[in-house]
> 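Pasting in a structure now, in structure tokens, and then I'll have a few things to ask.
Counting begins at 1 with the first residue of the sequence.
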Amino acid sequence: MTIKRVCMFLPAPLCGVGCVFVMMFVACGKQHPSSQPSNPATSTENVHTVDGSVSISDRLDRRVQLATPPKRVISLSPAITELLFAIGAGPQLVGATKHCNYPPEATEIARVGAGTLESISRETILSLNPDLVLCKWDVHAPLVESLERLGVPVVAVGADSLEQLFDEITLLGLVMGQRTEANALTESMQNRLERLKSVADLIPEDEQVSVFYEVWNDPLMSAGPSSFIGELLKLAGMRNIFDDTTERYPKVSAEVVVYRNPDVILAPSTHATQVNIEAVLARQGWGDIRAVHEQKVFLIDGDQVSRCGPRLLDALEQMIRTVYPDRWTIEGNQLLEP
């Protein structure tokens with residue numbers, strides 16, 4: 001049985017927990033998020049500094065010039081906010097979205113909206129007098145031009161893989177003058193990733209479970225192999241039942257989920273509201289799914305797994321611990337214990 005291909009759009013949980021789902025149709029309508037920009041790299045070659053000025057090539061192939069390193073920054077994405085704090089640039093943040101809830105200090109920053117195009121207040125952004133706005137390239141593309149007309153420098157970023165995440169940490173470190181801190185974060189995350197991979201690599205292929213990851217429940221959506229969530233599933237030693245789709249976040253049918261009969265069902269802890277495992281187990285027609293019959297439906301922290309940010313490896317570890325709990329007793333894996 002094959003999946004009906006549908007036009008993909010970025011679901012709300014991936015732009016920040018709690019974003020209004022229906023608004024994402026509008027937010028993503030100007031650009032097809034499944035199509036990567038022609039220059040997706042966000043590495044050192046995309047940032048140049050001369051006599052204190054900063055020149056940045058962003059995810060929309062735009063060249064942005066800053067006369068000086070930014071001191072007043074607004075973030076329109078929870079993942080970006082977390083990254084800035086993780087590299088020590090939190091004090092430079094003067095504005096964020098209402099879903100920027102981590103670390104706790106982020107909740108004290110002025111709110112400029114909920115993250116969707118309709119909710120973001122240009123007036124509030126202007127009142128905060130930023131010298132840089134960091135937005136997501138796929139969700140906020142229509143906003144970039146309007147902010148530029150108002151004289152506000154905008155850089156479009158947003159990773160959708162671990163490789164892009166490491167590149168983005170480097171870029172933001174250079175832009176924010178936090179290169180040393182960014183390099184330290186990247187090295188720490190890469191070392192942890194290797195340790196986590198060493199656990200998953202011990203799982204024989206014939207013992208790997210099949211998994212349905214539910215990105216969203218209405219309409220039902222999953223994670224394709226080209227998404228960062230799809231990448232996490234593979235790194236965790238699981239077989240994604242939708243690894244044959246080309247969309248990052250395909251819309252799928254309940255019938256196909258039943259037909260592909262996953263061993264495990266994973267979902268973020270929140271969609272628009274808190275996800276209820278009992279409600280998933282009680283879905284009509286799902287009783288014969290192996291994961292439902294054996295009650296192997298598990299929730300992964302929604303803030304961690306739905307943001308391609310510095311806590312993404314926390315989500316990967318939670319996936320492995322949840323689905324393969326016995327793997328943590330293997331000799332040598334005590335290095336992974338917190």
> Can you sort out the partners of Glu294 under salt bridge (charged side-chain N to carboxylate O under 4.0 Å, His left out), two or more places apart, ordered by chain and number?
Lys296
> For atom CD of Glu187, decide whether the heavy atoms of other residues, nucleotides or ligands shown that lie under 6.0 angstrom number more than 12.
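Check fails, neighbour count at 12 or below.
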> For Glu278, what residues pass the salt bridge (charged side-chain N to carboxylate O under 4.0 Å, His left out) criterion, not counting sequence neighbours?
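In terms of salt bridge (charged side-chain N to carboxylate O under 4.0 Å, His left out), with neighbours along the sequence ignored, Glu278 is linked to no residue.
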> Any non-hydrogen side-chain atom of Leu266 less than 4.5 Å from a side-chain atom of Gln318?
no
> Charged N to carboxylate O under 4.0 angstrom, Arg239 versus Asp243?
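A salt bridge is absent here (no side-chain N lies under 4.0 Å from a carboxylate O).
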> Can you tell if the side chain of Pro70 reaches within under 4.5 Å of the side chain of Met176, non-hydrogen atoms only?
yes
> How close do Leu117 and His140 get, heavy atom to heavy atom, and via which atoms?
CD2-CA, 4.1 Å
> Determine whether a donor-acceptor pair (N or O, by modelled atom type, separation under 3.5 Å) exists between the side chain of Gln92 and the backbone of Lys71.
no
> Suppose we screen for side chain to side chain contact (heavy atoms under 4.5 Å, CB included). Which residues come up paired with Gln284, at least two apart in sequence or across chains?
none
> Give a yes-or-no answer on whether the side chains of Glu247 and Thr245 include a donor-acceptor pair shorter than 3.5 Å.
yes
> Just by distance, do the side chain of Arg248 and the backbone of Phe228 share a donor-acceptor pair under 3.5 Å?
no
> Evaluate Asp160 against Lys136 for salt bridge (charged side-chain N to carboxylate O under 4.0 Å, His left out), listing each step before the verdict.
CA-CA 11 Å; Asp160 201 55; Lys136 284 196 94 265; over 6 Å; no
> Got Gln304 and Tyr102 here, is their nearest side-chain heavy-atom distance under 4.5 Å?
no
> About how many Å separate CD1 of Ile241 and OG of Ser222, when rounded to the nearest 0.5 Å?
6.5 Å
> How far apart are the closest heavy atoms of Ala106 and Thr81, and which atoms are they?
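Shortest heavy-atom contact: CB-CG2, 4.0 Å.
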> Which heavy atom in Ile120 sits nearest to a heavy atom in Gly115, and how many Å separate them?
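Here Ile120 and Gly115 meet closest at CD1-O, 3.8 Å.
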> Is Arg62 salt-bridged to Asp58, cutoff N-O under 4.0 Å?
yes
> Over all heavy atoms of both residues, which pair between Gly302 and Ser269 is shortest? Give the atoms and the distance, please.
N-OG, 2.8 Å
> Using a strict threshold of under 4.0 Å (side-chain N to carboxylate O), is an ion pair present between Lys251 and Glu214?
no
> With no hydrogens and no angle check, do the side chains of Thr116 and Ser119 hold a donor and an acceptor under 3.5 Å apart?
yes
> Would a 4.5 Å heavy-atom cut-off, applied to side chains only, mark Val157 and Trp137 as touching?
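Val157 does not reach Trp137 side chain to side chain.
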> Given side chains that start at C-beta, do those of Leu93 and Phe85 come closer than 4.5 Å, heavy atoms only?
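A side-chain contact exists here, since the closest heavy-atom pair is under 4.5 Å.
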> Using a 4.5 Å cut-off on heavy atoms from C-beta on, say whether the side chain of Val152 contacts that of Glu148.
no
> Scan side-chain atoms only and decide if Arg63 and Ser55 contain a donor-acceptor pair under the 3.5 Å cut-off.
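Looking only at side-chain atoms, Ser55 and Arg63 do form a donor-acceptor pair, the distance falling under 3.5 Å.
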> On a heavy-atom basis, which atom in Leu84 and which in Ser75 lie closest, and how many Å separate them?
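Distance-wise, the nearest heavy atoms are CD1-CB, 4.5 Å.
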> Judged by atom type as modelled, is there a donor-acceptor pair below 3.5 Å linking the side chain of Ser306 to the main-chain atoms of Asp303?
no
> Can you tell me how far CG of Leu134 sits from CD1 of Ile56, rounded to the nearest 0.5 angstrom?
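Answer rounded to 0.5 Å: 8.0 Å.
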> Taking atom CG of Leu147 and atom SG of Cys135, what is their separation to the nearest 0.5 Å?
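Leu147 CG to Cys135 SG: 7.5 Å, rounded to 0.5 Å.
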> Whether Asp244 and Arg260 form a salt bridge (side-chain N of Lys/Arg under 4.0 Å from carboxylate O of Asp/Glu) is what I want to check.
yes
> Does anything in residues 227-236 pair up under side chain to side chain donor-acceptor pair (under 3.5 Å), and if so which pairs, sequence neighbours excluded?
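Checked against side chain to side chain donor-acceptor pair (under 3.5 Å) - neighbours excluded - no pair reaches residues 227-236.
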> First locate atom CG of Leu132, then atom CG of Leu66, and finally report the distance between them rounded to the nearest 0.5 Å.
5.5 Å
> Any Lys/Arg nitrogen of Asp314 or Arg321 sitting under 4.0 Å from an Asp/Glu carboxylate oxygen of the other?
no
> What I'd like to find out is whether the side chain of His293 reaches to under 4.5 Å of the side chain of Asp288, using heavy atoms alone.
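A side-chain contact is absent here, since even the closest heavy-atom pair is not under 4.5 Å.
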> Whether the side chain of Thr270 engages the backbone of Thr273 through a donor-acceptor N/O pair (distance < 3.5 Å, no angle test) should be reported.
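No, Thr270 side chain to Thr273 backbone: no donor-acceptor pair under 3.5 Å.
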> Please output the side-chain donor-acceptor pairs of residues 206-213 that fall under 3.5 Å, not counting sequence neighbours, one pair per line with the distance.
from	atom 1	to	atom 2	distance (Å)
Glu207	OE1	Arg327	NH2	3.0
Ser210	OG	Asp263	N	2.9
Ser210	OG	Asp263	OD2	3.1

> Testing the basics here: between Val305 and Pro268, what is the closest heavy-atom pair and its distance to 0.1 Å?
CG1-CB, 4.0 Å
> Can you name the residues that form a salt bridge (charged side-chain N to carboxylate O under 4.0 Å, His left out) with Glu145, not counting sequence neighbours?
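Testing Glu145 for salt bridge (charged side-chain N to carboxylate O under 4.0 Å, His left out), a comparison that skips the adjacent residues, returns Arg149.
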> Taking atom CG of Leu76 and atom CD1 of Ile125, what is their separation to the nearest 0.5 Å?
5.5 Å
